[in-house]
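Positions are given from 1, in the same order as the sequence printed here.
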Amino acid sequence: MMSRFRSRSAFTLIELLVVIAIIAILIGLLLPAVQKVREAAARMQCSNNLKQISLACHNYEGVYGFLPPGAVGTPKGTAFSFSAPHNSIHTFLLPYIEQENLYRLMSTQSNPQGQTQGLLGVENDPTVFTPSGWWNNTINFNVARTRVKTFECPSDATRDNSVNGVFIATYAQNLTFTGGYYPNPTGNTFGKTNYVSSAGCIGPATNSAFYNKYNGIFSNRSKGTLIGITDGTSQTAFFVESLFGGQPTRDFAVSWMGGGIAVHAWGLPNQAVWYTQGSFHTGVVQVGRGDGSIGSIRKGVGTTFFSSDWYEWNRLGGAQDGEVINFGALGQ
């Protein structure tokens, strides 16, 4: 007795649609999980970057006896001007994050490290003041185009995209925060950073004892020391994530060569602007503290002046305010 077998050469239309639907459902279930894993990895790398540059400040102090300046603007007590080096703290830290070769490429004509005694020891001596921005020095202009991954947060997906301009200098003094940017297309060629040094509430405020109370350890031509952080290094912000541009549409970024400083006065709004701090992490902005520890601060903190969380955020920025921080109010 013979039996016959019927062979099938293809799926029916209904079967094919069922398979496609199942695949679509699986992708829908897996994609959020993949995104969460990717963001967790990005936050971990971002934390590591903040830790490296925060501890690099310790190594710098071990060599020179004081912490690097938050920025090198005009001599102390003078108004913001583009006629200043405006090198950022990042230029000082290059040798301590395994970027010695890049550091050696910079021109000492406007490299503050080559003029430590003049720029940091005799701040108001015009004979040692370099009256020109780093962008006017051809050598340093070209060095500034180098990307340094330690200075970049992996979650900042727009770091390679076009923006309106790139900040090359910032300055906080006497309750005023000032900055200047280089427009595109040239500005976007500079290597960028997501981490800027904390100047506390709004930097040195000689005309306001209240705001000066929350002054940070870094500022224009600062020369702080670890022992001078009387609040304790674990209670003091060293670096804060910053975007220097709005969200969701990014309008500005900031260069590592002239990254300037961060101020805490306007808090961490959900939609960051150039004078506030921000990140592309979900719900938080990361902060590198003076002991190398990393904190995740809730977005939305400190946006209302003199609210309870405003004080907590500014206490974290202050190095000598003497007040206890309620980290729970910051989302930690």
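- P68 has its side chain within reach of L93: a pair of non-hydrogen atoms, C-beta onward, lies under 4.5 Å apart.
- Within the 3.5 Å criterion, the main-chain N or O of V284 finds a donor-acceptor partner in the side chain of S279.
- No side-chain heavy atom of V287 sits less than 4.5 Å from a side-chain heavy atom of E241.
- In the model, Q286 has a side-chain atom that pairs as donor or acceptor with a side-chain atom of S47 under 3.5 Å.
- The shortest heavy-atom contact between G292 and S54 is CA-CB, 4.4 Å.
- Counting only distance, with no hydrogens or angles, the side chain of S222 and the backbone of G70 share a donor-acceptor pair below 3.5 Å.
- Taking the six-membered ring for Trp and thresholds of 30 and 60 degrees, W266 and Y275 have ring planes more than 60 degrees apart, a perpendicular arrangement.
- W135 and Y182 have their aromatic ring centers separated by at least 6.0 angstrom.
- A continuous path of Ile, Leu, Val, Met, Phe, Trp and Tyr side chains, each step under 4.5 Å between heavy atoms, connects V273 with F305, placing both in one hydrophobic cluster.
- Aromatic pair Y214/H264: ring centres not closer than 6.0 Å.
- Listed here is the closest heavy atom pair of A237 and G317: CB-CA, 4.4 Å.
- Judged by the 6.0 Å distance and 45° axis criteria, R221 is not positioned over the aromatic ring of F66.
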Evaluate N326 against Y311 for side-chain contact (heavy atoms from CB on, under 4.5 Å), listing each step before the verdict. CA-CA 10 Å; N326 175 12; Y311 277 102; over 6 Å; no
Between T233 and T236, is a side-chain contact (heavy atoms from CB on, under 4.5 Å) present by the stated rule, with each step listed? CA-CA 5 Å; T233 54; T236 305; 5.8 Å; no
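- Not one N or O on the side chain of N215 forms a donor-acceptor pair closer than 3.5 Å with the backbone of Y211.
- Across E323 and D321, no two heavy atoms sit closer than the pair N-OD1, 2.8 Å.
- The two residues G318 and D231 come nearest to each other via the heavy atoms O-OD2, 3.2 Å.
- In this structure, CD1 on I202 lies 10.0 Å from CG on N314, to the nearest 0.5 angstrom.
- In this structure a side-chain-to-backbone donor-acceptor pair under 3.5 Å is present from R298 to A329.
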Show your reasoning for whether side-chain contact (heavy atoms from CB on, under 4.5 Å) applies to C153 and H281. CA-CA 9 Å; C153 172; H281 300 306; 3.4 Å; yes
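- A 6.0 Å sphere centred on CZ of R145 holds more than 12 heavy atoms belonging to other residues, nucleotides or ligands.
- Considering every non-hydrogen atom in both V196 and G259, the closest pair reads CG1-O, 3.4 Å.
- In terms of the side-chain hydrogen bond (donor to acceptor under 3.5 Å, both in side chains) criterion, residue partners of N49 (sequence neighbours excluded) are, by chain and number, Q45, Y195.
- Cluster annotation: Y60 is connected to V63 through the hydrophobic network of ILVMFWY side chains, with a link wherever side-chain heavy atoms come within less than 4.5 Å.
- Expressed to the nearest 0.5 Å, how far CG of N188 lies from NZ of K192 amounts to 4.0 Å.
- Under the 4.5 Å side-chain heavy-atom criterion for Ile, Leu, Val, Met, Phe, Trp and Tyr, I297 and F280 are members of distinct hydrophobic clusters.
- Aromatic rings from W274 and F252 are positioned such that their centres are separated by 6.0 Å or more.
- Ring pair Y181/F167: centre-to-centre distance below 6.0 Å.
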Apply side-chain contact (heavy atoms from CB on, under 4.5 Å) to the pair T225 and E61, showing each step before the final yes or no. CA-CA 7 Å; T225 60; E61 190 200 43; 3.4 Å; yes
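- Within the 4.5 Å cutoff, side-chain heavy atoms of W134 are placed close to those of S255.
- Side-chain atoms of H58 and L226, non-hydrogen and from C-beta on, do get closer than 4.5 Å to each other.
- Side-chain atoms of H90 and S88 form a donor-acceptor pair, as typed in the model, at a separation below 3.5 Å.
- Side-chain contact check for L102 versus V148: some heavy-atom pair is nearer than 4.5 Å.
- The side-chain hydrogen bond (donor to acceptor under 3.5 Å, both in side chains) search around E312 returns R315, not counting sequence neighbours.
- A 4.5 Å side-chain heavy-atom check between T304 and W310 finds every atom pair outside the cut-off.
- Distance CG/L50 to CD1/I53: 5.0 Å, rounded to 0.5 Å.
- A distance of 6.0 Å or more separates the ring centres of Y103 and F92.
- Rounded to the nearest 0.5 angstrom, Q235 CD and D291 CG are separated by 8.5 Å.
- Partners of N174 by side-chain hydrogen bond (donor to acceptor under 3.5 Å, both in side chains), not counting sequence neighbours, listed by chain and number: T206.
- Contact annotation: the side chain of L67 approaches that of F238 to within less than 4.5 Å [non-hydrogen atoms, C-beta and beyond].
- Side-chain contact of N194 with D156: a donor-acceptor pair under 3.5 Å is present, judged by distance alone.
- Hydrophobic clustering (ILVMFWY, side-chain heavy atoms < 4.5 Å, transitive): I294 and I325 are in distinct clusters.
- Both W256 and F141 sit in one connected hydrophobic cluster of ILVMFWY residues. Membership requires side-chain heavy atoms under 4.5 Å apart, directly or through other members.
- Between F177 and I261, some side-chain heavy-atom pair lies under the 4.5 Å cut-off.
- The line from NE2 of H86 to CG of N220 is 8.0 Å long, rounded to the nearest 0.5 Å.
- Taken to the nearest 0.5 Å, the CG atom of N48 stands 14.5 Å off from the CZ atom of R43.
- Smallest separation of non-hydrogen atoms from V263 and A199: CG1-CB, 4.5 Å.
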